[in-house]
Amino acid sequence: MTSALEKYAKSSVPRYTSYPTAPHFAAEFPESVYRGWLAQLDLDEPISLYLHVPFCKQMCWYCGCNMKLAARYEPVATYLQHLLDEIDLLASAMPGRMPVGHVHFGGGTPTVLEPDDLAAVMALVADRFRLVDGAELAIESDPRTLTDEMVDKIGAIGFTRASFGVQEFDPKVQAAINRIQPPDMVKHAMDRFRAVGVNRLNFDLIYGLPYQTAADLRRTVEQCVEMRPDRVALFGYAHVPWVAKNQRMIPDESLPQPAQRAEQARAAAEALVKGGYVRIGIDHFARPGDSLAVAAQTGELHRNFQGYTADASPTLIGIGATSIGRTPSGYVQNISETGAWMRAVAAGKLPIARGHAFKGQDDLRAHVIERVMCDGKVDLNAAGRVFGVAEDWYDGEREAIAELQKDGVLTCSNGSLTLTPAGEPLARVVAAVFDTYLRNSSVRHSIAV
């Protein structure tokens, strides 16, 4: 597998949290089309909501998100008012008071909001939508800036899950990424959440960071396992300084090479499995019995813009600047620049910048890519039958499949494709074989491993 890693690990491929991926959405997508999609939603089918708060109190050098520093609260408060207005615009465009099964606050750092402001957003969500029994309410947080008042409010509102960006505990690595966050700080935040009834807790870890070693990351994982989060996401650092200017603070020469990245990912995964976690897809781990582990076991795992999920809803409504949403008809992405996003909302417009209406083989290829990413296997012939396409639909991919099979990345017999254990880290490379939008594309992506 060393030769396969050497051959494919540096491949520029998407993370496949959607298909087609966001860079291939069309610009100047008509608002009227999105309104039409919203009007056609099934009132009996629960939807999911993603609310984006693009503000942080501190800048992390590794971050590739669309975010702004919140040196003062006034810009955050102004943004919040427009977020409330967008919720009203979206709810009014739907056929009625839609049921909601999942709500996720992401960022940035949503806990940068004042506690009462977070409560105001959730009150409006509860008013304009119907939260179903057992709905999951999740929020991302930063232990460095999280206050006890915010934790108390999150518990009082009824949030069920909270996520922490741990990344790495090694002091040298933390200094290099400008995120100083000792283990005791994270443990205190976890204990506070559990004390107010928020018992489902997630950690994010990153490999491939500056000056990081496999031994560093293994020690971090062992410390995390002692804290017993329910889920751990293990992401590969995406060094894209041409997109995220703050990443220019990280010297290229400080970054581990592909073979070292692969060793870090392997060492961390090994320590997580040893600590009792179930491996899910390419970069998630969960405790047995967690809904994510159950979904992986039953073949009901999905992948969206937050990564792997047990959320099966075909509709995810993105709210806030740069957020991405999906309906059964296609994708839309909001305006990224907060000023332009606010002006569109103030004018009574759904503030979308780009979109994509599903066409041709999009649904089929999205299904195949998702199953490769989630299950590590897919029956290509059966998929063609389900979507009403002739079984020769992937003839154009046979040569690439054969080469990957020769290299030991996968096996494929009678249309049944399965990643080998050695090929599992290259799932994104295999998924890319079926991505027709990626061909002849000049879009740059992060490396595969």
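We count residues from 1, following the sequence as given.
Heavy-atom minimum distance, Ala271 versus Val221: CB-CG1, 3.5 Å. Scanning all heavy atoms of the two residues, the minimum distance from Gln58 to Met67 falls at O-CE, 4.4 Å. The shortest heavy-atom contact between Pro328 and Thr315 is CD-OG1, 3.3 Å. Heavy atoms only, all atoms of each residue included: Pro288 and Ala293 are closest at CA-CB, 4.3 Å. In plain terms, the two heavy atoms of Val132 and Gly101 that are nearest each other are CG2-CA, 3.7 Å.
With hydrogens and angles disregarded, no donor-acceptor distance shorter than 3.5 Å links the side chain of Thr109 to the backbone of Thr111. Side-chain N or O atoms of Thr309 include one that pairs as donor or acceptor with a backbone N or O of Asp311 at under 3.5 Å. Side chain of Tyr308 to main chain of Ala233: no donor-acceptor pair is present (N/O by atom type, distance under 3.5 Å, no hydrogens or angles). Under the 3.5 Å distance criterion, the side-chain polar atoms of Gln247 are matched with a main-chain donor or acceptor of Ala238. With hydrogens and angles disregarded, a donor-acceptor distance shorter than 3.5 Å links the side chain of Asp216 to the backbone of Thr213. Between the Arg200 side chain and the Ala138 main chain, no donor and acceptor come within less than 3.5 Å of each other. Glu370 contributes a side-chain N or O that, together with a main-chain N or O of Arg303, makes up a donor-acceptor pair within less than 3.5 Å.
Remark: Asp142 engages Arg179 in a salt bridge, criterion side-chain N to carboxylate O under 4.0 Å. For Asp375 and Lys377, the salt-bridge test fails: no basic side-chain N is under 4.0 Å from an acidic carboxylate O. Using a cutoff of 4.0 Å between basic side-chain nitrogens and carboxylate oxygens, Asp283 and Arg428 are not scored as salt-bridged. For the pair Glu226 and Lys187, the salt-bridge criterion is not met [side-chain N within less than 4.0 Å of a carboxylate O].
Checked against ring-ring contact (aromatic ring centres under 6.0 Å, His included), Tyr394 has no partners two or more places apart in sequence or in another chain. For the ring-ring contact (aromatic ring centres under 6.0 Å, His included) test, residues two or more places apart in sequence or in another chain that qualify with His356 are Tyr437.
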- Could you walk me through whether Arg266 and Glu270 pass salt bridge (charged side-chain N to carboxylate O under 4.0 Å, His left out), step by step? CA-CA 6 Å; Arg266 186 201 63 77; Glu270 183 180 86; 3.0 Å; yes
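Here the side chains of Arg161 and Asn202 are in contact, with some heavy-atom distance below 4.5 Å. In this structure, Leu272 and Arg279 have side chains that are not in contact, with every pair of non-hydrogen atoms separated by 4.5 Å or more. Using a 4.5 Å heavy-atom threshold, the side chains of Thr338 and Pro54 count as touching.
Screening residues 169-201 for ring pair (Phe, Tyr, Trp, His ring centres under 6.0 Å) gives Phe164-Phe193 as the qualifying pairs, with residues at least two apart or on separate chains.
Phe203 does not carry Arg231 over the face of its six-membered ring by the limits of under 6.0 Å from the centre and within 45° of the normal.
His52 contributes atom NE2, which lies 10.5 Å from atom NE2 of His104 (distance to the nearest 0.5 angstrom).
The six-membered or imidazole ring of Phe434 lies away from that of Tyr19, with a centre-to-centre distance of 6.0 Å or more.
Atom CZ of Arg248 has more than 12 heavy atoms from other residues, nucleotides or ligands within 6.0 Å. More than 12 heavy atoms of other residues, nucleotides or ligands shown are found within 6.0 angstrom of CD on Gln223. Other residues, nucleotides and ligands contribute only 12 or fewer heavy atoms inside 6.0 Å of the CD atom of Glu399.
For the 3.5 Å distance criterion, the side chains of Gln167 and Tyr62 qualify, holding a donor opposite an acceptor.
Tyr331 and Phe25 have parallel rings, their planes meeting at less than 30° on a 0 to 90° scale where 60° marks the start of perpendicular.
Only one option out of Ile401, Leu419, Thr418 pairs with Thr411 in a side-chain contact (heavy atoms from CB on, under 4.5 Å); it is Thr418.
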